[in-house]
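The block underneath contains the structure these notes are about, expressed in structure tokens.
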Amino acid sequence: MAKSYDHKKIEKKWQERWEKQKLYETPDAVAGKKNFYTLVEFPYPSGDLHVGHWDAFAVPDIFARMKRMQGFNVLYPIGFDAFGLPAENAAIKRNIGPAEWIEESAMRMRGQLMSMGNCFDWSRTLTTSEPSYYRWTQWLFLKFYEKGLAYRGTGLVNWCPNDQTVLANEQVVDGKCERCAAVVEQKELEQWFFKIRDYADRLISDLDSLDWPEPIKEAQRNWIGRSEGAEIDFPLARSGEKLTVFTTRPDTLYGGTFLVIAPEHPLIASLPIENRKEVDTYVKKAMAKSEIERIGDKEKTGVELKGVKAVNPTTGVEIPVWAADYAIAHFGTGVLFGDAHDERDVAFAKKYGIPLKPTLKPLDGSDDTDIKNLSRCFEGKGILYDSGEFSGLTSDEAMSKITEKFGTAKVTYKLRDWLISRQRYWGAPIPIVYDPEGRPHPVPEEHLPWLLPTDADIKPKGTSPLGSSKELKQRVEKLFGKGWTPETDTMDGFVDNSWYFLRYIDPKNEKEFSSIKRQKEWMPVQRYSGGAEHTTVHVLYSRFFTKALFDMGLTTENEPYKVRMNRGIILAEDGRKMSKRWGNTVNPDEQVANVGADAVRTYLAFIGPYNEVGSFPWSTNGLVGVRRFLERVVGLSDKVGDGHVSADLEVLLNQSIKKVGEDIESMKFNTSVSQLMILSNELGKLQTIPKQAYEILLKLLAPFVPHLCEELWEAQAHTGSIHLEGWPSFDPSKLQGGEVTIAVQVGGKTKGIILAKQGATEGEVVALVRADQKLKKMTPERPSRVVFVPGKIINFIV
RNA sequence: GCCCGGGUGGCGGAAUUGGUAUACGCGCACGACUCAAAAUCGUGUCUCGCAAGGGUUGUGGGUUCGACUCCCACCCCGGGCACCA
């Protein structure tokens, strides 16, 4: 009869005791222990924890706990990402103030987080919307401003008509707002930006040295979108002006028969255009289109800038200039030359009857009539002709030579500077004030935190809510003088969370945002896991922050995260995404009430490989299976006694210690759980379970099942916490028993297995096969060859 | 279109990195216990075959004594970028 397993009682008991004993408070340094920083993305206070949160926080806790047992001083912190759109929208939906909402929901979530039984150090917790935190967000803004990395710029920006604010490029997914899915519009506005583009090269090249999964690196490279090419000046005929184009294919320059300028290009306004009215109409129409419409429109449109002629610098030929919306204002120079070796240029030229001039033939010398008569567009690299002194060269040879003669080598990026202004209330106020002439000035440090006023009308209405605050207006006039006005935009929430990991390690510091001393003790983060959707947003931004601060001497690291991992997602039982709309959500609180936090944690660990991004359907049956496993472990304790550890059991114990430890280290929790099941199944077969063996099982299981293992450990007459025990070590010489199984093959096909003593020679194994009734018949008597892999395979080749 | 992953039972997934494919769990079937059911325990469970045997890791080829693993071509799924010059 198995002992009862009252998870509610056990989990409550140990959570209280841990808190009382401050078991998980992490000192900055412990003699004889190395510091180890492991991090998970902190939640925004949504009011309720869902299964995804359990997957995000309770599963990596297994890793943190093993590291603790392995003798590291482990920091596993948690806090709330409380500023920003999600939190504010949640508050507005419930019709209460964001500050109240944050307080209320953070309190409830804290309780839910506690129920996971994680080894979070709550003494270091932080909330980004608290003045003690955001004063440092503002301080960092001022540092960026000082270094010219924060600037005010005018240009076309993404505008979400639903959230009533501008958005960074990273927050626009397929032309829609990532939060509310409204189609994003383009607006010409003056906004604050961070110069992340200055770091584009380093953000790419430093990836090489990082031990990160390739897909994450690749996604960042794609996002930054580095292109090498050349800038080439095309002088305008009968004018001192010129248009500069960017191209990645300077080898086709001789065939450049027209220029294309982006409709939004500011230069259009100043060019001597004869058909000004027509052009202006086109520009207006193009700009009214959303990004989605523009991309969706396969048909290219454009208008010729009559009266404007550019000169191809290679030939001196005058060529027409067109405005067309397939040219993008913010890529390269916003101007390109059209030629016969680019599909888009050819399609455009054919539509409008612009002449084309092919200048490349295939490298292999194959027939190129179809290319010459323009029935096929050849985009590859080839051999040049009709290209002056460069005729006969290959594209690769010609590119650098033509660049040298007519232009300058240049690198450009898809990445745009980070737009950080938000026309919303719930964010850190940008610490800038304007003098009566409208010039910006930083708010002096002594006035930080530059408090978010409480008297503003927070409803989003397209202009910054802070503009409605009398208190802020008066504050500015009082401090700076009559006619001075405040900046009324707040900062993007992603600014707050670009540096939070540096605050956990020095959370109470009132003099610095994060001291170098603490950074030296803790940084870099050894393991960082989070959602795949943050790859080109938060992860990129925080890398940029770290690098910028590193250059200012404010951080010790050039890269914040030693290892970054993206987590998969937990689907509903029906294989779809969990959604209130489908009514298929799983409430973790209910599951915890039914089977306990320990079972839920272990089930999520068991569901699939944590180190791979996948989608895993929830299975209540699977959860029950894990609960049964834990009940069996409880049942085992009845049979624990002073038994002798057999040779076979010793091998299994050593194998288990190795497997479980290694798999936790690489976040393959599913296979460590499987090994623990194997071990406990084997122990269950014994009449008496040696105490020593049972206690090894408990220690290996403790990171997964922290409450129950503590209870069972105490029942074995221990007074200290199992979580303060050392992680078991294995003896590499005892990973194999005296006997090994050897597969017997004929021509590579397995016919059976044979048991041989460890270290058996080929002759001995052959003799065993000959002695086996069944195998004797199947194996050739006179094989042409025998392949023998000691301890593994004997292969008879006919 | 370019670039990353991936394709293994009814399902989630294993496979010591070239060496017994399908571990572990779920589900299912049968049995034990029970008046019965649930729970629990036991046995079985890739496939064809009564068996002896044979076949099987998306498809087709190749390398090798031996391929889920390496190479080539193709198909499909997931993800990133995308009128980026």
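Just so it is clear: chains get the letters A, B, ... in the order the sequence lines come, proteins before strands, and each one is counted from 1. Keep in mind that this is a model prediction, so the values were computed, not measured.
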Exercise. Can you tell me if the side-chain N/O atoms of K792(A) get under 4.0 Å from OP1 or OP2 in C65(B)?
Worked result: no

Problem set entry | Glycosidic conformation of G9(B), taking syn as within 90° of 0 and anti otherwise | syn

For this session: Answer yes or no: does a side-chain N or O of R249(A) lie under 4.0 Å from OP1 or OP2 of A85(B)?
Result: no

For this session: State yes or no: are the ring centers of F258(A) and W322(A) separated by less than 6.0 Å?
Result: no

Exercise. Is the shortest side-chain N/O distance from R628(A) to OP1 or OP2 of U40(B) below 4.0 Å?
Worked result: yes

Seminar exercise, completed: By the Watson-Crick or G-U definition, both distances under 3.5 Å, C81(B) is matched with G1(B)

For this session: Between R632(A) and I678(A), just flag the one whose closest nucleotide in RNA chain B comes earlier from the 5' side.
Result: I678(A)

Exercise. If the P atom of C48(B) is compared with that of G9(B), how far apart are they to the nearest Å?
Worked result: 15 Å

For this session: Return the value, rounded to whole Å, for the distance between atom CE of M677(A) and atom C1' of C26(B).
Result: 10 Å

Exercise. Which value, in whole Å, describes the distance between the C1' atoms of nucleotides C68(B) and C46(B)?
Worked result: 15 Å

Seminar exercise, completed: Between NZ of K300(A) and C1' of C83(B) the distance, given in whole Å, is 5 Å

For this session: Rounded to the nearest angstrom, tell me the gap between atom CG in L676(A) and atom P in G25(B).
Result: 12 Å

For this session: Just call it for T741(A): base, sugar-phosphate, or nothing, with non-hydrogen atoms closer than 4.0 Å on any strand.
Result: base

Seminar exercise, completed: If pairing means Watson-Crick or G-U wobble with both distances under 3.5 Å, then the partner of U40(B) is A32(B)

Exercise. So, is S227(A) close to the A85(B) phosphate, meaning a side-chain N or O under 4.0 Å from OP1 or OP2?
Worked result: yes

Exercise. G332(A) near the nucleic acid: base, sugar-phosphate alone, or nothing, with a heavy-atom cut-off under 4.0 Å?
Worked result: nothing

For this session: Run the ring-centre check on Y603(A) versus W618(A) and record whether the distance is less than 6.0 Å.
Result: yes

Exercise. Between N670(A) and A14(B), is there a side-chain N or O to OP1/OP2 distance below 4.0 Å?
Worked result: yes

Exercise. Regarding R221(A) and the six-membered ring of W212(A), is the cationic atom NZ or CZ under 6.0 Å from the ring centre and inside 45° of its axis?
Worked result: no

Exercise. Quick one: the side chain of N795(A) and the base of C65(B), do they pair up donor-acceptor inside 3.5 Å?
Worked result: yes

Exercise. Any idea how W418(A) and Y541(A) line up, ring-wise: parallel (<30°), tilted (30 to 60°), or perpendicular (>60°)?
Worked result: parallel

Problem set entry | Base G19(B) to side chain Q745(A), donor-acceptor N/O within 3.5 Å cut-off | yes

Exercise. Within the structure shown, what part of the strands sits under 4.0 Å from D339(A) by heavy-atom distance: base, sugar-phosphate, or nothing?
Worked result: nothing

Exercise. For Y603(A) and G25(B), what is the distance between atoms OH and C1' respectively, to the nearest whole Å?
Worked result: 10 Å

For this session: Can you tell me the distance, in whole Å, between the NZ atom of K749(A) and the C1' atom of A21(B)?
Result: 13 Å

For this session: Rounded to the nearest angstrom, tell me the gap between atom CH2 in W322(A) and atom C1' in A85(B).
Result: 18 Å

Exercise. Looking only at atom P, what distance separates G49(B) and C3(B), rounded to whole Å?
Worked result: 46 Å

For this session: Go ahead and name the base partner of C65(B); Watson-Crick or wobble counts if both distances stay under 3.5 Å, otherwise write none.
Result: G19(B)

For this session: Describe the nucleic acid contact of A347(A) in one word from base, sugar-phosphate, nothing, applying a heavy-atom distance below 4.0 Å.
Result: nothing

Exercise. When rounded to the nearest Å, what value does the distance between C1' atoms of A32(B) and A39(B) take?
Worked result: 14 Å

For this session: Check whether any side-chain nitrogen or oxygen of T333(A) sits under 4.0 Å from OP1 or OP2 of A85(B), and answer yes or no.
Result: no

Exercise. Which is true for G334(A) with a 4.0 Å heavy-atom rule: it touches a base, it touches only sugar-phosphate, or it touches nothing?
Worked result: base

For this session: Determine the interatomic distance between P on G44(B) and the same-named atom on G25(B); round to the nearest Å.
Result: 13 Å

Exercise. Are Y326(A) and F348(A) close enough that their ring centres sit under 6.0 Å apart?
Worked result: yes

For this session: Hey, can you tell me if H7(A) and Y5(A) have their rings parallel, tilted or perpendicular (30° and 60° cut-offs)?
Result: perpendicular

Problem set entry | C1' gap between U47(B) and G10(B), integer Å | 14 Å

For this session: Could you tell me whether I753(A) contacts a base, only the sugar-phosphate backbone, or nothing, with contacts defined as non-hydrogen atoms closer than 4.0 Å?
Result: base

Problem set entry | Along RNA chain B (nearest heavy atom to each residue), the more 5'-positioned of W223(A) and T412(A) | W223(A)

